[in-house]
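First the structure, in the form of structure tokens, and then the observations on it.
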Amino acid sequence: MKNQYHFCRFVIGSALALLLLSCNGCQLEYLLAGNGISQSVYHIKKKDRVLVLVDSSAVSPLSIHSMSQLIAATNQDLYRAGVTKQLVPAYRLIALMKSHPITYREMGIADIAKALNANIVLYIYIERLRNRLLSAKQITEGDAQAYVKLVSESGERLWPKTAAPGELVTAKVPPNLAMTQTHTAVEDSLLAQIANTTAGFLHTHGKSYTPSHGSQMVSPH
């Protein structure tokens, strides 16, 4: 019995050591604090070329600039987290939209993936994005709601398998004085939050992990 007990302790200790060695500094800190690790929902192969595709509802239409900003921010977060280096730059999607506006509106996700040589599409649908000026334009605040899903180049849903519209993502900017929190800053923060949360689904991190929203939004080429 003693030998069996010592063997079990050895196995558990070895497994824990391997887990700690596999974590980076931030992950280790959160794990030791008892918060645990949030695993990636889907493994993207290094050879796969990923397209971040953004769409929006009629009640919250995104400008081309905002769409490009969200794509670039998500690309940057995916790149920095080591999810993949094979990313379709935002300008390629925008160029397709501008050069073939009528055709683009009729294209499905698989059609767009094929046109841009993408293997996987990370689709972000902005259902609501509210950026408000209150109290005679002295107060700013905002909130957003989006749905995210992964789709293959053939149009097959990869994740999530059950939720019909996709995985829910929310963002919020609390009220503050417009002189310190501009209308533009509110939208920038909402888009950055959506990008951070979306990218967070695809890499392992601490469950209490809160990424910074203040980084410049630059898309890797």
Side-chain angles (χ1 to χ4, degrees), residues 22 24 27 38-56 62-127 146-169 171 188 191-205 209 211-213 215-221:
S22 67
N24 61 31
Q27 293 170 349
S38 180
Q39 298 292 335
S40 170
V41 299
Y42 185 87
H43 175 67
I44 294 178
K45 299 176 182 177
K46 297 300 181 183
K47 66 177 182 178
D48 286 338
R49 183 169 166 84
V50 178
L51 166 67
V52 176
L53 177 60
V54 175
D55 198 1
S56 57
L62 284 188
S63 66
I64 289 180
H65 172 76
S66 297
M67 187 179 298
S68 179
Q69 188 174 348
L70 178 54
I71 294 169
T74 308
N75 276 353
Q76 177 179 274
D77 289 339
L78 291 171
Y79 186 88
R80 286 183 172 178
V83 175
T84 180
K85 294 182 179 180
Q86 304 296 324
L87 292 155
V88 178
Y91 73 83
R92 293 194 179 278
L93 177 64
I94 302 304
L96 177 64
M97 291 174 59
K98 289 183 174 180
S99 61
H100 301 86
I102 297 177
T103 304
Y104 182 82
R105 287 195 293 269
E106 298 174 350
M107 296 172 74
I109 294 177
D111 299 321
I112 297 173
K114 183 178 180 180
L116 296 175
N117 193 30
N119 305 109
I120 291 180
V121 177
L122 179 53
Y123 181 76
I124 305 174
Y125 178 74
I126 306 297
E127 183 179 63
Y147 288 96
V148 177
K149 61 183 178 182
L150 272 179
V151 181
S152 73
E153 58 189 317
S154 63
E156 177 191 358
R157 171 82 74 92
L158 300 175
W159 171 86
K161 292 289 190 179
T162 53
E167 190 73 16
L168 177 64
V169 171
D188 288 348
L191 294 176
Q193 290 178 54
I194 293 171
N196 290 159
T197 303
T198 298
F201 290 131
L202 296 171
H203 67 91
T204 300
H205 53 77
Y209 167 74
S212 170
H213 299 150
S215 59
Q216 269 194 325
M217 299 183 184
V218 180
S219 174
H221 294 268

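- Among residues two or more places apart in sequence or in another chain, the side-chain hydrogen bond (donor to acceptor under 3.5 Å, both in side chains) test is passed with Thr198 by none.
- Not counting sequence neighbours, the partners of Leu168 by the side-chain contact (heavy atoms from CB on, under 4.5 Å) test are Gln145, Tyr147, Thr170.
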Checklist entry - Between Phe201 and Leu150, does a side chain to side chain contact (heavy atoms under 4.5 Å, CB included) hold up when you go through it step by step? => result CA-CA 10 Å; Phe201 290 131; Leu150 272 179; over 6 Å; no
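- One finds the CD1 atom of Ile126 at 7.0 Å from the CG atom of Leu191 (value rounded to the nearest 0.5 Å).
- Applying the side-chain hydrogen bond (donor to acceptor under 3.5 Å, both in side chains) rule to pairs touching residues 95-113 yields nothing, sequence neighbours excluded.
- Side-chain contact between Asp48 and Gln86: absent, with no pair of heavy atoms (C-beta onward) separated by less than 4.5 Å.
- Here the closest heavy-atom approach between residue Ala171 and residue Ile194 is recorded as CB-CG1, 4.2 Å.
- The side-chain contact (heavy atoms from CB on, under 4.5 Å) search around Ala110 returns none, not counting sequence neighbours.
- Applying the side-chain contact (heavy atoms from CB on, under 4.5 Å) test to Thr162 and every residue at least two apart in sequence or in another chain returns nothing.
- Inter-residue side-chain proximity for Tyr42 and Ile120 is flagged as met; some heavy-atom pair is nearer than 4.5 Å.
- Under the 4.5 Å side-chain criterion, counting only non-hydrogen atoms from C-beta, Leu122 is in contact with Leu202.
- Heavy atoms from other residues, nucleotides or ligands lying under 6.0 Å from CZ of Arg92 number 12 at most.
- Residue Ile109 holds its CD1 atom at 12.5 Å from CD of Glu156, rounded to the nearest 0.5 Å.
- Expressed to the nearest 0.5 Å, how far CG of Asn117 lies from CZ of Arg49 amounts to 5.5 Å.
- In this structure a side-chain-to-backbone donor-acceptor pair under 3.5 Å is present from Asn75 to Val88.
- Taking CG of Leu51 as the reference point, atom CD of Glu153 lies at 11.5 Å (rounded to 0.5 Å).
- In this structure, Thr74 OG1 and Gln69 CD are separated by 10.5 Å, a value rounded to the nearest 0.5 Å.
- The shortest heavy-atom contact between Thr204 and Ser40 is OG1-N, 3.7 Å.
- Considering only residues two or more places apart in sequence or on other chains, Ser68 meets the side-chain contact (heavy atoms from CB on, under 4.5 Å) condition with Ala90, Ile94.
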Checklist entry - After noting the C-alpha distance and the side-chain angles of Leu93 and Ile112, does the key distance pass the side chain to side chain contact (heavy atoms under 4.5 Å, CB included) rule? => result CA-CA 8 Å; Leu93 177 64; Ile112 297 173; 3.9 Å; yes
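- Residues satisfying the side-chain hydrogen bond (donor to acceptor under 3.5 Å, both in side chains) test with Tyr125, not counting sequence neighbours, are none.
- In terms of heavy-atom proximity, Leu158 sits nearest to Val151 at CD1-C, 4.0 Å.
- Between the CG atom in Leu116 and the CG atom in Leu96 there is a gap of 5.0 Å [rounded to 0.5 Å].
- Between the side chain of Ser56 and the backbone N or O of Leu62, at least one donor-acceptor pair lies under 3.5 Å.
- For Asp55, the side-chain hydrogen bond (donor to acceptor under 3.5 Å, both in side chains) test picks out Tyr123, with sequence neighbours left out.
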